[in-house]
Asker: 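Submitted below is the structure of interest, expressed as structure tokens.
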Amino acid sequence: MKRYGLDETLDILAVGAGPAALVLLHEAQLAGLRAIAIDKGPVCGALVKHPTYMRWFSTAENLELSGFPLLIEEKNPTRREYLKYCRAYARIHDLQIVTYHEVTRVIRENGVFSVEAKDLYGREYTWRARNVVMGTGFYDSPRPLGVPGEDLPKVTHTYSEAHYYAGHDVLVVGAGSSAVEVALELWREGANVIIAMRGDKFHTKYWLEPDIENRIQEGSITCYRDASVKEVRPDDVVLVDGLGEEFVIPNDFVLAMTGFQPNTSLLESAGATVDHETGKPYLTEHLETDVPGLYVLGTLCAGCESNVIFIENSREHGPTIVRHVAGKRAATPQRV
């Protein structure tokens, strides 16, 4: 695999290679800065984890990067179309991305960062950069149920497609858009669907709420409101209602659509301050942390509020950071 930038001191090293980081790399090119990205998986690996047949809610113009045209037949791109688009963006702009290397440590000494990473075989490599940009997102950190049996093979926090679950008893945990979309698709593909939610109302897109409520009212989908999971067992699940009463339902699979939480451990180990209540790092208007030269972009900026930053509004993070880095470089003589 290619390991760009090992024998030089980079202007910018991005940890993570999602859409916002791709824009960052291209903007750095335009500004004459030397930049690479390192990702533990493929380019835009977080998007690969989205449901196989999903279609974006955002329209093509809101997903385009740096004005690079997203040409599709319909108004909203599919997951496959957008992944192909991101690959094309990286290829045509000749962006240098080191894939399948997991960054394990970031240290700042004498104004320069050392970034340590391991490849798939555990071999260690170290890069040097004047500025580091964290764009690791949150899809690798699902919010746990915190109950016995959560580690059973029947439990998952991600969803790919309904085929795996057709003809089975499936419990969907959650009340957000992901839970609703998954429950409806599973039901339409022949699964026996039960929903468990802590509250009494769904928090989803306005056009989905009538659909799910109608399916519940007609008895196609069973919904337990004000209920939570107490224990997961091989052949059933123990639920508890708001009054503390326990009941058991037969079950083959549990899809915990409980959302994700930011993993700020790498950021904090590099010295950045993070509000542990909100999960948000301290950031200036330039998206720089309180460690000089250490920046954040993408959903990691929002902490636990993962529903406020999307591709369409994180596209501006890269240009903001590059302008600040370029300004510092112009004002300060650089020494390798």
Asker: Any side-chain donor paired with an acceptor under 3.5 Å for Thr99 and Asp39?
Answerer: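 Distance-only check fails for Thr99 and Asp39.
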Asker: Assess the side chains of Glu209 and His203: does a donor N or O sit below 3.5 Å from an acceptor N or O?
Answerer: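 On atom types as modelled, these side chains do not qualify, holding no pair under 3.5 Å.
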Asker: So, Gln29 versus Arg34: side-chain donor-acceptor pair below 3.5 Å or not?
Answerer: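 Judged by distance alone, the side chains do not pair up.
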Asker: Using the rule given for side-chain hydrogen bond (donor to acceptor under 3.5 Å, both in side chains), can you reason through Glu150 versus His157, listing the C-alpha separation, both sets of side-chain angles and the distance that settles it, and then say yes or no?
Answerer: CA-CA 10 Å; Glu150 186 173 7; His157 290 269; 3.0 Å; yes
Asker: Check this for me: does any side-chain nitrogen of one of Arg3 and Asp119 sit under 4.0 Å from a carboxylate oxygen of the other?
Answerer: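 Here Arg3 pairs with Asp119 in a salt bridge, since their nearest N and O are under 4.0 Å apart.
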Asker: Phe57 pairs by ring pair (Phe, Tyr, Trp, His ring centres under 6.0 Å) with which of Phe310, Tyr206, Trp207?
Answerer: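 It is Trp207; the other options fail the test.
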Asker: With under 30° as parallel and over 60° as perpendicular, where do the rings of Phe253 and His168 fit, or are they tilted in between?
Answerer: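 Perpendicular, since the angle between the ring planes exceeds 60°.
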Asker: Charged N to carboxylate O under 4.0 angstrom, Glu312 versus Arg315?
Answerer: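 Judged by the 4.0 Å cut-off on N to carboxylate O distance, Glu312 and Arg315 do not form a salt bridge.
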Asker: At what distance, to the nearest 0.5 angstrom, does CG of Leu152 lie from CZ of Arg233?
Answerer: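 Between Leu152 CG and Arg233 CZ, I get 11.0 Å after rounding to 0.5 Å.
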Asker: Distance check, rounded to the nearest 0.5 Å: Met257 atom CE versus Tyr159 atom OH?
Answerer: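 The distance works out to 9.0 Å.
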Asker: In terms of side-chain heavy atoms, does Thr264 have a donor or acceptor partner in Glu268 at a distance below 3.5 Å?
Answerer: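 Note: Thr264 and Glu268 side chains meet the donor-acceptor criterion.
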Asker: Rounded to the nearest 0.5 Å, how far does CG of Asp226 lie from CG of Leu243?
Answerer: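 Interatomic distance, Leu243 CG to Asp226 CG, rounded to 0.5 Å: 8.5 Å.
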Asker: Any Lys/Arg nitrogen of Arg130 or Asp11 sitting under 4.0 Å from an Asp/Glu carboxylate oxygen of the other?
Answerer: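 Yes, this pair counts.
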Asker: Can you see which heavy atom on Val23 is nearest to which on Pro319, and at what distance?
Answerer: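 Looks like CG1-CD, 3.8 Å.
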Asker: Rounded to the nearest 0.5 Å, how far does CZ of Phe202 lie from OG of Ser177?
Answerer: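 Between Ser177 OG and Phe202 CZ, I get 11.0 Å after rounding to 0.5 Å.
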Asker: Please report the interatomic distance CD(Gln261) to CG(Asn263), rounded to the nearest 0.5 Å.
Answerer: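 Result: 8.5 Å between the selected atoms.
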Asker: Under 3.5 Å, is there a donor on one side chain and an acceptor on the other for Glu64 and Tyr85?
Answerer: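 There is no such pair between these side chains.
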Asker: Please confirm whether the ring centroid of Tyr224 lies under 6.0 Å from the ring centroid of Phe247.
Answerer: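 Yes, the ring centres sit under 6.0 Å apart.
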Asker: Kindly compute the distance separating OG (Ser114) from CG (Leu13), expressed to the nearest 0.5 Å.
Answerer: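 Rounded to the nearest 0.5 Å, the OG-CG separation comes to 11.0 Å.
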Asker: How about Tyr295 and His286: are their ring centroids closer than 6.0 Å?
Answerer: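 That pair fails the under 6.0 Å test.
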Asker: Please check if any side-chain donor atom of Asn251 sits under 3.5 Å from a side-chain acceptor atom of Asp169, or the reverse.
Answerer: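 No donor-acceptor contact under 3.5 Å links the two side chains.
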Asker: For Ser66 and Glu27: C-alpha separation, side-chain torsions, deciding distance, then whether side chain to side chain contact (heavy atoms under 4.5 Å, CB included) applies.
Answerer: CA-CA 8 Å; Ser66 309; Glu27 291 293 323; 4.1 Å; yes
Asker: Determine whether more than 12 heavy atoms belonging to other residues, nucleotides or ligands lie under 6.0 Å from atom NE2 of His163.
Answerer: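 Not more than 12 within 6.0 Å, no.
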Asker: So that I know where these two stand, are Phe68 and His93 an aromatic pair - ring centroids less than 6.0 Å apart?
Answerer: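 Under 6.0 Å, so yes.
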